[in-house]
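Down below is the structure, laid out as structure tokens.
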Number of protein chains: 2
Amino acid sequence: MTKRKLTRSEIKRQAILDAAKQTFQELGVQGTSMDELAARAQVSKRTVYNHFASKEALIMELIGELWQQATLMPQGAYDPTADLQVQLSALIESEIAVICSREYIELNRVAFDHFFHQPEALQKEVEKFAAIETGIKRWIKAARVDGRLRELDTEIAAGQIHNLIKGSCFWPQLVQVAPILNEKERHELAERTAAMFLSHYQK
Amino acid sequence: MTKRKLTRSEIKRQAILDAAKQTFQELGVQGTSMDELAARAQVSKRTVYNHFASKEALIMELIGELWQQATLMPQGAYDPTADLQVQLSALIESEIAVICSREYIELNRVAFDHFFHQPEALQKEVEKFAAIETGIKRWIKAARVDGRLRELDTEIAAGQIHNLIKGSCFWPQLVQVAPILNEKERHELAERTAAMFLSHYQK
DNA sequence: AAAAGTAAACTATACGGTGCAGTGTAGATT
DNA sequence: AATCTACACTGCACCGTATAGTTTACTTTT
């Protein structure tokens with residue numbers, strides 16, 4: 001337990017980050033003034049600038065948190081003895097759990113908001129994430145080598161799974177045209193995604 | 001042909017709209033000042049305001065174009081005598097042609113940019129589009145009634161197709177992390193999407 | 001001559017960021 | 001217990017800049 005040792009400074013800093021996360025998410029990065037932010041954090045504007053050199057630095061700190069969170073992605077190993085539908089479905093569901101989480105989506109909103117008009121910078125950030133999206137890819141490769149899937153292009157096949165997932169539980173939530181999925185919905189999404197994938201690719 | 005009858009006023013108006021479309025797309029709505037816009041349109045700032053009451057009005061005019069364009073979506077009819085893969089693949093490809101077009105995506109960028117922080121307004125706009133996405137849904141229903149598909153939930157099944165499409169040719173392009181698909185890529189996407197769908201649902 | 005366009009200056013406002021004088025606090029020294 | 005010290009927080013004025021929209025005085029097009 002890391003608890004009772006927060007200096008006053010650390011408390012303030014955290015208050016700023018919390019307020020920033022919430023306010024950026026609510027009003028947008030552009031729409032949030034540093035004055036508003038300081039007010040919400042119940043901190044003087046000067047204190048904000050004592051902790052963060054600029055608005056940009058504050059934003060990047062938050063996006064850094066996102067990157068850190070993404071590295072927690074589950075990396076289920078392929079099990080040659082288990083049923084394909086069962087294990088793929090479970091792997092997908094655990095990946096959905098991350099992608100669907102409020103925290104993850106909200107931070108992504110801030111990031112997309114910030115990078116929407118800087119395609120090259122966004123592309124760089126996305127590359128970091130691309131490295132992460134290999135959990136399912138590796139599983140597919142393993143199952144293919146094991147001879148339980150028919151011939152396929154791993155990139156494309158993994159992409160199909162991700163498209164099926166994200167189209168239901170990420171993109172609409174990112175742009176806030178659909179609510180975040182509940183546990184049952186996530187489970188069903190995982191099941192039917194695995195089922196469709198295996199209908200096509202299982203030997 | 002509607003050609004040689006453009007008044008000077010109409011020419012100026014169109015120059016403003018063209019410049020706005022291009023500049024909003026390039027620099028973002030927030031990032032585009034009305035001065036910059038007038039300069040690019042080679043028109044005085046006053047002229048801009050003579051044609052459009054406000055920046056907001058100009059934006060909405062462009063988004064209106066988007067809506068108009070979306071209504072041109074193809075509505076392929078189900079043919080009980082034709083091969084499922086062939087006709088579904090063709091239907092999907094024609095839908096991709098719209099969704100993938102530079103024009104469509106660029107206008108969507110402007111729209112999302114503008115509505116990103118107004119979830120309720122965005123939701124209303126999206127509802128208009130939801131009505132459009134019924135081409136494939138209708139085809140599925142028809143094929144189901146004809147007994148050539150197994151039991152399914154039309155909403156979900158059509159959603160799966162759209163997720164498979166948009167995940168490859170719309171979302172990444174919207175946020176500019178991937179280039180627009182060329183004809184061959186579109187064709188292959190349509191083929192493999194239809195194939196996967198039918199693997200799972202065809203009787 | 002009426003309608004539309006032009007250039008440039010102007011209004012009003014908002015925002016990112018800085019400087020500074022003073023205040024609160026926690027821990028070390030007396 | 002009283003005092004000292006280092007450091008962080010506060011509040012506010014202030015600067016420079018950007019931007020939506022307007023006004024004015026003049027020119028061009030039809």
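Order of the sequence lines fixes the chain letters, A, B, ..., with proteins taken first and strands second; residue numbering starts at 1 for each chain.
Considering B/Arg40, B/Lys45, B/Arg46, B/Lys55 in turn, B/Lys45 is the only one that fulfils the salt bridge (Lys or Arg N to Asp or Glu O under 4.0 Å) rule with B/Asp35.
Separating the CD atom of B/Glu36 from the C1' atom of D/dG21 is a distance of 17 Å, rounded to the nearest angstrom. Between the NZ atom of B/Lys12 and the C1' atom of D/dT28 there is a distance of 10 Å, rounded to whole Å. Rounded to whole angstrom, the span from the CG atom of A/Leu37 across to the P atom of C/dG17 amounts to 12 Å. Atom CG of B/Asp35 and atom P of C/dC10 are 15 Å apart (whole Å). As a whole-Å value, the separation of B/Ile11 CD1 from C/dT6 P is 12 Å. If you take CG of B/Leu27 and C1' of D/dT19, they are 14 Å apart, rounded to a whole angstrom. One can place CZ of A/Phe52 at 15 Å from P of C/dG16, the figure rounded to the nearest angstrom. Taking atom CZ of A/Arg8 as the reference point, atom C1' of C/dA26 lies 10 Å away to the nearest angstrom.
Within a 6.0 Å radius of CD in A/Glu36, more than 12 heavy atoms belonging to other residues, nucleotides or ligands are found.
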*Let me see the working for B/Arg102 and B/Gln173 under side chain to side chain donor-acceptor pair (under 3.5 Å), right down to the final yes or no.*
CA-CA 9 Å; B/Arg102 168 162 278 110; B/Gln173 288 74 16; over 6 Å; no
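Closest to the A/Tyr49 side chain, of the nucleotides C/dT6, D/dG21, C/dG16, is C/dG16. Nearest to the side-chain atoms of A/Met34 among the listed nucleotides C/dG16, D/dT22, D/dT10 stands C/dG16. The side chain of B/Ser54 lies closest to D/dG21 when the candidates are D/dG21, C/dA4, D/dC9.
Cation-pi check for A/Arg192 over A/Phe197 is not met; the charged atom does not lie both under 6.0 angstrom from the ring centroid and within 45 degrees of its normal.
Side-chain to base pairing of A/Arg46 with C/dG19: one donor and one acceptor N or O lie within less than 3.5 Å of each other. For A/Lys45 against C/dG17, a side-chain-to-base donor-acceptor contact under 3.5 Å is present.
Listed pair B/Lys55 / D/dA20 meets the phosphate criterion, a side-chain N or O lying under 4.0 Å from OP1 or OP2. OP1 or OP2 of C/dG5 sits under 4.0 Å from a side-chain N or O of B/His51.
The residue A/Thr47 sits close to a base: some heavy atom pair falls under 4.0 Å. Within 4.0 Å of B/Glu56, counting heavy atoms only, lies no atom of the nucleic acid at all.
Comment: B/Arg13 engages B/Glu61 in a salt bridge, judged by a side-chain N to carboxylate O separation of less than 4.0 angstrom.
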